[in-house]
2 protein chains.
Amino acid sequence: MTSPPFPLPDDAELLRLDHQICFSLHAAARAFGGVYRDALKDLGLTYPQYLAMLVLWEEPGPQPVKAIGERLRLDSGTLSPLLKRLEAAGLVARERSVEDERSVVVRLTEAGEALRERALPVPRRIVTATGLSLEEALTLRALLERLTGNLDAAQGGER
Amino acid sequence: MTSPPFPLPDDAELLRLDHQICFSLHAAARAFGGVYRDALKDLGLTYPQYLAMLVLWEEPGPQPVKAIGERLRLDSGTLSPLLKRLEAAGLVARERSVEDERSVVVRLTEAGEALRERALPVPRRIVTATGLSLEEALTLRALLERLTGNLDAAQGGER
DNA sequence: CCCGATTCAATTGCGCACAACTAAATCGTG
DNA sequence: CACGATTTAGTTGTGCGCAATTGAATCGGG
């Protein structure tokens with residue numbers, strides 16, 4: 001049933017493969033999640049919260065929710081509650097922009113700035129856990145970016 | 001600010017890279033989700049529900065929740081409600097095993113069997129959307145599986 | 001200047017993922 | 001055989017991700 005008694009034609013092989021790729025992709029994403037969970041536990045951050053903090057740590061000034069969302073490709077439905085949790089944790093402050101009152105700007109608090117120091121060792125820990133060489137990592141990243149671009153294009157074209 | 005005025009040493013390059021990899025991984029996983037959402041909309045299935053149906057379509061007989069969970073690497077906290085939704089949709093039936101009453105076996109209903117036909121064109125659509133050659137797909141899959149294995153090992157070693 | 005279109009954040013609702021826990025059945029060892 | 005350990009599903013609670021909607025502010029064409 002799972003393996004027919006004749007050699008698979010290329011077509012069928014491709015068909016089987018696609019499941020394995022999207023599945024191994026999800027599996028890898030979840031495995032990353034587990035490692036980040038461990039690494040970020042002491043900081044009290046989840047992985048998406050850590051990503052949001054990275055965006056804020058990278059750029060000095062306050063940033064509108066819109067900009068963070070574009071950077072992380074997340075919409076307000078995901079970001080609003082996430083940023084509220086970071087605010088409740090005392091790491092960021094949110095306030096309506098003065099020049100455009102539709103916009104909410106997010107800035108680091110002192111505690112948020114201070115957390116940066118404690119987050120510095122995290123990336124090395126993750127790199128070690130991946131066990132990939134620099135070359136492999138570059139190959140993987142390039143493939144993933146092509147893949148995402150193609151998938152986004154295919155999705156957009158159908159709407 | 002984001003790029004210091006001197007060439008990055010290899011260390012720092014690796015550190016920057018890890019974020020990009022885990023991030024592009026999540027981005028790719030979400031892009032897959034979007035394409036599957038489109039492709040599965042007519043079937044009334046989400047992507048994880050589709051995966052569960054694939055497991056049931058592959059093996060002829062009823063399967064315990066445990067076996068499905070091992071196949072998909074999901075625990076009962078995720079599978080129980082998912083399978084209930086599939087049951088509510090009339091695609092599967094769940095019943096306590098006779099020989100081991102701890103176990104719940106899941107089997108396809110006639111509607112669940114019938115849905116298989118309508119799901120057949122889905123994989124080709126996904127393969128097309130990825131835009132990857134067979135060789136690239138194989139490379140990607142191999143890298144992802146190594147990555148997942150390494151990450152799982154790193155995670156397990158710390159517990 | 002005004003009014004419809006657009007932008008932006010927030011909210012609601014649904015589903016997935018995972019941790020922690022519960023409850024029941026089974027296993028295994030003394 | 002008895003009883004503690006293990007296995008198996010299910011439940012609860014938290015957080016992410018996305019679609020759809022709301023409401024307020026802004027923009028732009030007439």
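To find a chain, count down the sequence lines: A is the first, B the second, and so on, and within it residues start at 1.
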Q. Taking only residues two or more places apart in sequence, or in another chain, which ones meet A/Arg146 in a salt bridge (charged side-chain N to carboxylate O under 4.0 Å, His left out)?
A. B/Glu136

Q. Quick one: what's the B/S/- string for nucleotides 2-9 of chain D, heavy-atom cutoff under 4.0 Å, read 5' to 3'?
A. -----BSB

Q: For A/Arg37, check side chain to side chain donor-acceptor pair (under 3.5 Å) against everything at least two apart and list the hits.
A: none

Q) Mind checking what makes salt bridge (charged side-chain N to carboxylate O under 4.0 Å, His left out) contact with B/Glu145, not counting sequence neighbours? A) B/Arg141

Q: Could you pull out all residues at least two apart from A/Asn150 that satisfy side chain to side chain donor-acceptor pair (under 3.5 Å)?
A: none

Q | Under 3.5 Å donor-acceptor, A/Ser103 side chain and A/Pro64 backbone | A | no

Q: Under the side-chain contact (heavy atoms from CB on, under 4.5 Å) rule, what do B/Leu43 and B/Gln49 come out as? Steps first, then yes or no, please.
A: CA-CA 11 Å; B/Leu43 306 185; B/Gln49 287 167 5; over 6 Å; no

Q. How many Å lie between CZ on A/Arg37 and P on C/dC18, as a whole number?
A. 6 Å

Q | Partners meeting side chain to side chain donor-acceptor pair (under 3.5 Å) with B/Arg102 (sequence neighbours left out) | A | B/Asp100

Q) Over how many whole Å does the gap from A/Leu86 atom CG to D/dG15 atom C1' extend? A) 12 Å

Q) What is the distance, rounded to the nearest whole Å, between atom CZ of A/Phe32 and atom C1' of C/dC18? A) 18 Å

Q | Which residues share a side chain to side chain donor-acceptor pair (under 3.5 Å) with A/Arg71, sequence neighbours left out | A | A/Glu58

Q.
Can you pull out the residues from residues 43-50 of chain A that lie within a 4.0 Å heavy-atom distance of DNA chain C?
A. none

(Q) Can you measure A/Gln155 atom CD to D/dA19 atom C1' for me and round it to whole angstrom units? (A) 12 Å

**Q.** For B/Glu87, all residues meeting salt bridge (charged side-chain N to carboxylate O under 4.0 Å, His left out), sequence neighbours excluded
**A.** B/Arg94

Q. Starting at CG of A/Leu82 and ending at C1' of C/dA9, how long is that distance when rounded to a whole Å?
A. 14 Å

(Q) By the 4.0 Å heavy-atom rule, please label B/Leu74 as base, sugar-phosphate, or nothing. (A) sugar-phosphate

**Q.** Residue whose nearest DNA chain C nucleotide is more 5′ - B/Arg73 or A/Thr78
**A.** A/Thr78

Q) Within this structure, what is the CG-to-P distance between A/Leu40 and C/dA19, rounded to whole angstrom? A) 14 Å

Q.
Side-chain N or O of A/Lys41 versus OP1/OP2 of C/dA19: is the shortest distance under 4.0 Å?
A. no

Q) Atom CD1 of A/Ile68 to atom P of C/dC8: distance rounded to whole Å? A) 14 Å

(Q) From the set C/dA25, D/dT11, D/dG17, return the single nucleotide nearest to any side-chain atom of B/Lys84. (A) D/dT11

Q. Rounded to the Å, how far apart are A/Asp75 CG and D/dT22 P?
A. 17 Å

